[in-house]
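Reviewing the structure listed below.
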Amino acid sequence: MEMTSHAPLASFIDLLMDAVFAVNADGCVVFASASCERIFGYTPQEMVGKTMFDMIVEEDRERTRQSARDVMLGYPQFHFENRYIRKDGQIVHIMWATRWSPADQLRIGVARDITGLKRAESMQAVLYLISEAAYAAEDLIALFKRIHQIVGTLLPADNFSVTLYDEEKDQLSFPYRIDEVEQTSDVSKPAAGTLCAEIIRSGQPLLLTPETMAARLEELQVTAEQNLLCWLGVPLKSHKGMIGVLMVKTYVGGACYSEKDQELLQFVSTQIAIAIERQQMQSGLLHMAQYDQLTALPNRGFLYDRLKVALATARREQGRLSVLYLDLDKFKQVNDTLGHDIGDLLLQEVAKRLKQCMRESDTVARIGGDEFVVLLPSISLPEQAELVAEKVRHALNSPFNINGHYLNIRSSIGIALYPEHGDNEQQLLKHADNAMYLAKNNDHRSRIDS
Ligand SMILES: Nc1nc2c(ncn2[C@@H]2O[C@H](COP(=O)(O)OP(=O)(O)OP(=O)(O)O)[C@@H](O)[C@H]2O)c(=O)[nH]1
């Protein structure tokens with residue numbers, strides 16, 4: 001080879017931390033300094049004769065060819081960046097300073113390994129994206145989807161899951177799980193005896209590679225899918241403690257995870273945990289603002305919101321809707337004779353029975369002490385509202401067994417219809433309330449008071 005003729009100062013050049021290359025017009029290496037082994041994994045002897053373009057990551061090739069053409073036209077390149085596949089398969093980011101030597105008809109380039117810098121940059125960007133997602137996501141699932149996308153820019157993440165841990169109940173749940181092989185619709189299956197449970201127990205990340213898989217699974221007494229290649233899970237820890245596990249895995253034919261991937265995932269896991277916790281808190285606050293604490297039914301404010309939406313739809317489609325106002329009779333006596341706690345339990349049971357006899361699209365709300373409102377957002381005939389009222393009365397008719405106390409409860413129901421009894425929320429609720437009072441003072445039947 002012509003190595004010596006092109007490298008009179010090779011001994012000095014070999015001391016440089018950057019690698020020096022001489023490449024002919026076709027991209028074939030005619031000289032490489034010693035550092036090329038540290039950066040690219042190939043010794044200078046292995047490098048000489050290779051075509052640089054063959055080692056470049058596919059997506060960077062065309063850009064690099066253009067840059068090489070510019071160099072040969074006499075335009076030196078100072079900060080040209082591209083990526084190479086090292087001998088061990090890892091990707092290395094390079095920054096080049098290159099010029100053309102017309103006398104030698106060679107491109108002379110200095111390659112600096114900027115992989116660490118690039119990683120730091122992309123980590124910074126990823127951390128920013130995660131914290132941005134924490135504010136932008138509408139709910140937890142939207143946040144998980146976004147985190148999935150973001151993690152996918154760091155490492156292979158076709159199979160990705162978030163497992164949440166409820167420390168109080170010592171329970172795991174799977175709110176987000178994307179798996180190209182294992183299809184399961186049950187996202188709340190308890191996960192005891194799984195690899196995720198092991199991470200929660202130990203608080204440590206877990207990396208299973210083809211070399212360690214069998215032994216680790218046996219040691220942990222956990223079974224895994226036959227064609228699993230790699231499994232990587234990291235704990236999600238917040239200031240409160242362990243809140244879950246983030247997991248990625250690959251199947252045979254896919255990529256392998258390394259210790260570096262584990263570090264990467266662990267590094268972003270704190271930010272992810274903070275984002276999840278923030279979203280959980282927000283959802284919790286929203287839930288508190290919209291739902292009644294005792295019965296978990298929508299509260300008055302939330303009922304108004306839903307009624308407003310239903311009215312808008314009914315107006316647009318010239319449809320009907322109905323509101324049922326329900327008040328328990330002599331509920332005060334339950335409190336007074338058996339105590340407030342029994343009264344509370346009775347209200348919870350009433351809420352349960354009301355929900356059971358409604359459709360998914362209906363809303364049952366608790367708007368005050370023993371007052372409930374049912375919103376039927378789409379009925380075609382007024383009689384349908386009476387039928388529902390009858391169903392409700394029937395549902396509440398059989399005695400309630402509250403801690404061994406058999407309670408017979410009667411209720412009064414007033415009905416309002418749109419458009420007959422009002423055009424807005426207030427009018428309709430007022431009408432149903434009045435009709436309820438009339439029912440209470442007369443025959444306790446439901447009334448459509450016109
Ligand atoms: N246990 C319990 N009682 C409540 C709660 N909120 C309100 N109450 C009580 O529910 C009762 C409701 O009052 P009323 O509707 O006048 O009582 P009532 O005996 O059903 O009266 P009528 O409807 O006229 O038959 C009051 O005694 C309140 O103190 C609650 O969250 N839990």
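Whatever order the structure lists them in is the order used to number ligands and atoms, beginning at 1.
- Counting heavy atoms from C-beta outward, L429 and Y304 have side chains that approach closer than 4.5 Å.
- Judged purely by distance below 3.5 Å, without hydrogens or angles, the side chains of Y325 and E371 pair a donor atom with an acceptor atom.
- Just one of I402, L407, N403 meets the side-chain contact (heavy atoms from CB on, under 4.5 Å) condition when paired with L338; it is L407.
- K87 pairs by the salt bridge (charged side-chain N to carboxylate O under 4.0 Å, His left out) definition with E46, not counting sequence neighbours.
- One distance of note links CE of M436 with NE2 of H431; it measures 12.5 Å at 0.5 Å rounding.
- Residues L206 and L195 form a side-chain contact, since some pair of their non-hydrogen atoms from C-beta on lies under 4.5 Å apart.
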Tabulation required: pairs of a nitrogen or oxygen in ligand 1 and a protein nitrogen or oxygen under 3.5 Å; columns are atom names and distance to 0.1 Å; otherwise 'none'.
{"residue": "ligand 1", "atom": "1 (N)", "partner": "N335", "partner atom": "OD1", "Å": "2.9"}
{"residue": "ligand 1", "atom": "1 (N)", "partner": "H340", "partner atom": "O", "Å": "3.2"}
{"residue": "ligand 1", "atom": "1 (N)", "partner": "D344", "partner atom": "N", "Å": "3.3"}
{"residue": "ligand 1", "atom": "1 (N)", "partner": "D344", "partner atom": "OD1", "Å": "3.0"}
{"residue": "ligand 1", "atom": "3 (N)", "partner": "N335", "partner atom": "ND2", "Å": "2.8"}
{"residue": "ligand 1", "atom": "15 (O)", "partner": "D370", "partner atom": "OD1", "Å": "3.2"}
{"residue": "ligand 1", "atom": "15 (O)", "partner": "D370", "partner atom": "OD2", "Å": "3.2"}
{"residue": "ligand 1", "atom": "19 (O)", "partner": "F331", "partner atom": "N", "Å": "3.0"}
{"residue": "ligand 1", "atom": "19 (O)", "partner": "K332", "partner atom": "N", "Å": "2.8"}
{"residue": "ligand 1", "atom": "20 (O)", "partner": "L328", "partner atom": "O", "Å": "3.0"}
{"residue": "ligand 1", "atom": "20 (O)", "partner": "K330", "partner atom": "N", "Å": "3.3"}
{"residue": "ligand 1", "atom": "20 (O)", "partner": "F331", "partner atom": "N", "Å": "2.8"}
{"residue": "ligand 1", "atom": "20 (O)", "partner": "D370", "partner atom": "OD2", "Å": "2.8"}
{"residue": "ligand 1", "atom": "23 (O)", "partner": "D327", "partner atom": "OD1", "Å": "2.8"}
{"residue": "ligand 1", "atom": "23 (O)", "partner": "L328", "partner atom": "O", "Å": "3.2"}
{"residue": "ligand 1", "atom": "23 (O)", "partner": "K440", "partner atom": "NZ", "Å": "2.8"}
{"residue": "ligand 1", "atom": "25 (O)", "partner": "K330", "partner atom": "N", "Å": "2.7"}
{"residue": "ligand 1", "atom": "31 (O)", "partner": "R366", "partner atom": "NH2", "Å": "2.9"}
{"residue": "ligand 1", "atom": "32 (N)", "partner": "D344", "partner atom": "OD1", "Å": "2.6"}

